[in-house]
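See below for the structure under consideration.
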There are 2 protein chains.
Amino acid sequence: MQYHVDGTLVPASDATVSVRDRGFMYGDAAFETLRAYGGEVFEWEAHRERLQRTADTLGFGDAVPDDLHDRVRETLAANDLDEAYVKLSVTRGVQPGKLTPAEEVDPTVVVIVKELPRGGTVGQSVWSGPATVQTVRTRRIPDESMPADAKTHNYLDGILARLELRRARTDDYQADECLVRDVEGNVTEGATSNVFFVDDGVLKTPSTDLPLLPGITRSVVFDLAREEGFPVETGEYDVADVRAADEAFLTNSTWEIRPVESVDGTELDRGPMTKLLARLYDELVERRHYG
Amino acid sequence: MQYHVDGTLVPASDATVSVRDRGFMYGDAAFETLRAYGGEVFEWEAHRERLQRTADTLGFGDAVPDDLHDRVRETLAANDLDEAYVKLSVTRGVQPGKLTPAEEVDPTVVVIVKELPRGGTVGQSVWSGPATVQTVRTRRIPDESMPADAKTHNYLDGILARLELRRARTDDYQADECLVRDVEGNVTEGATSNVFFVDDGVLKTPSTDLPLLPGITRSVVFDLAREEGFPVETGEYDVADVRAADEAFLTNSTWEIRPVESVDGTELDRGPMTKLLARLYDELVERRHYG
């Protein structure tokens, strides 16, 4: 496997960053997780835009290189990969030894790839089954402390949430994803996914007024639901709303649309709206990437 | 300069970590900033204990190596440094590509050093003058989201706070440190320091019931103040309390005790309690490290 580091393709085993890179020292970096189908990244423009917004929030927006798409394509090509997971990171690079960032930024750009199964209508899911979801104690960081729409290398909040699942694991029970609430108790998202649920024919998901990452897949699902005429509502919901749902699913770029099997031990039906949206998503990918 | 990376001394220019190290990908790492005087680290045991606590919080406490002190000493010796800044990091290392950490941990240990002036009674401060302090909008992350007593590579909260200072900078005005409040508005700490102030002869500092990092220097100052019979109070204070103080100072391992010149433009006196505590601190260092 070859990765792209700081403008160069290198063997994965030689792919490193300086211990003085701010991405390492402080998690001072923006990233995106993307999925390539048939050799091309899905929703590139949306990911590029979100990466830019994160870099703007972190104050190094001007330093984001123009050729990111090329670097991703070069990495896929070098590994002869058409179907892949892609992680693209842009850090503030190495700077003089102060916490306050210097204005002049020489960013470090890293592209990591990994093979995935084919997507679309004849592809297969990366997950082996529907998700078991569990509410955790760890709360989403409020926007006043860290804007939730910035996707950064500061990911310990999600890791602490996932550690709670690991600690609760038994021989019979293993949760796949967390339900993370904000400090007020509203459901926000999973550790790496957005959450949707269906209540009496209405598709519901937490509002971006709450601290959550507005997922690219979440946005694609909105489009698909609206095209089908499904009513969509964003708002504030608590855990009981999700547990009482008719059906529920999680979204992210790798999982696409993953049905939820249970929430805190309460089983949910694998319902028709989830199945239809997943099929529409597959058809969209098929049309765009394998047509 | 030579750094210590994963058990080996390497030239600083070759000191790197894998792009798949979780310290880089997620800031999934514990660290300590230490100061060496006369070739030995100040308050090693307290730093070692705090590092352990951070690693315990992150769920890899068992993987912290026993020989950290040796690695720090080897790095100082290799660079022929007696007076130094030391940054010691322990990351969760490289693991299979999942956010949920694997139980088996092969940590990455990094030691970075930099020369500093001599400390103690005949030494000099690393700062060129008293600190200009400014209140920022960015709030400290609440404990429910991220335990504040864990010192991790997730440092964007402090960086966003410092960026506010950078943006407010003019030809005549440049703040050195932030006053960061929690979401309720209580003063907690600076971006890299604890804050103390003197009100009517009482030395006051925010309580660890609030989300703040309990500094090693903060704790040494408590001991010095108590030995002198100065009344010390920890509690909840707002910005107005600090602005109205008779004197104020900041503490961290590198700055030691740094007087505050002004808070949000309000000038403070450089008072006798700050001066005495700074002298006592210097005497303690002199006695322990150059005696």
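The sequence lines fix the lettering, A, B, ..., with proteins before strands; numbering per chain opens at 1. Just the heavy atoms: all of them, side chains too, but no hydrogens, waters or symmetry mates, feed the values below.
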With a 4.5 Å cut-off on side-chain heavy atoms, are B:V19 and A:V5 touching? yes
Evaluate the side-chain proximity of B:M146 to A:M146: yes if any heavy-atom separation is below 4.5 Å, no if none is. no
How long is the gap from CG on A:N154 to OG1 on B:T152, to the nearest 0.5 Å? 7.0 Å
Using non-hydrogen atoms only, which part of A:L99 is less than 4.5 Å away from chain B: side chain, backbone, both, or neither? both
Examine whether an atom of A:K98 lies under 4.5 Å from a heavy atom of chain B, and if so say whether it belongs to the side chain, the backbone or both; otherwise answer neither. neither
Please look at A:T108 and chain B and tell me whether the side chain, the backbone, both or neither of the residue comes under 4.5 angstrom of a heavy atom of that chain. neither
Chain A interface, residue from B:G97, B:S145, B:A150, B:G23 that has the most non-hydrogen pairs under 4.5 Å: B:S145
Chain B: which of A:V180, A:D157, A:V94 shares the most heavy-atom pairs with it under 4.5 Å? A:D157
From CZ (A:R20) to NZ (B:K114), nearest 0.5 Å: 8.0 Å
If we define contacts as heavy-atom pairs under 4.5 Å, which of B:R22, B:E103, B:R167, B:K87 has the most with chain A? B:E103
So which bits of residues 55-62 of chain B come within less than 4.5 Å of chain A, counting non-hydrogen atoms only? B:D56, B:T57, B:L58, B:G59
Under a 4.5 Å heavy-atom cutoff, which of A:T138, A:L165, A:D182 has the most pairs with chain B? A:T138
Where on B:I112 is there a heavy atom nearer than 4.5 Å to chain A: the side chain, the backbone, both, or neither? side chain
Measuring from A:Y155:OH to B:Y26:OH, what's the distance to the nearest 0.5 Å? 8.0 Å
Backbone N/O of B:A102 and side chain of A:R166: donor-acceptor pair under 3.5 Å: yes
Of the listed B:I159, B:D14, B:D143, B:D21, the one with the largest count of heavy-atom pairs under 4.5 Å with chain A is B:I159
Measuring heavy-atom distances to chain A, does B:Y3 have an atom under 4.5 Å in its side chain, in its backbone, in both, or in neither? side chain
Part of A:R169 within contact of chain B (heavy atom distance under 4.5 Å): side chain
So which of B:L156, B:V110, B:T192 has the biggest tally of heavy-atom pairs under 4.5 Å with chain A? B:L156
Chain A contact via B:T91 - which portion, at a heavy-atom distance below 4.5 Å: side chain
Tell me whether A:T16 contacts the main-chain N or O of B:V17 through its side chain, where contact means a donor paired with an acceptor under 3.5 Å. no
When the ring planes of B:F24 and A:H153 are compared, do they come out parallel, tilted or perpendicular, using 30° and 60° as the limits? perpendicular
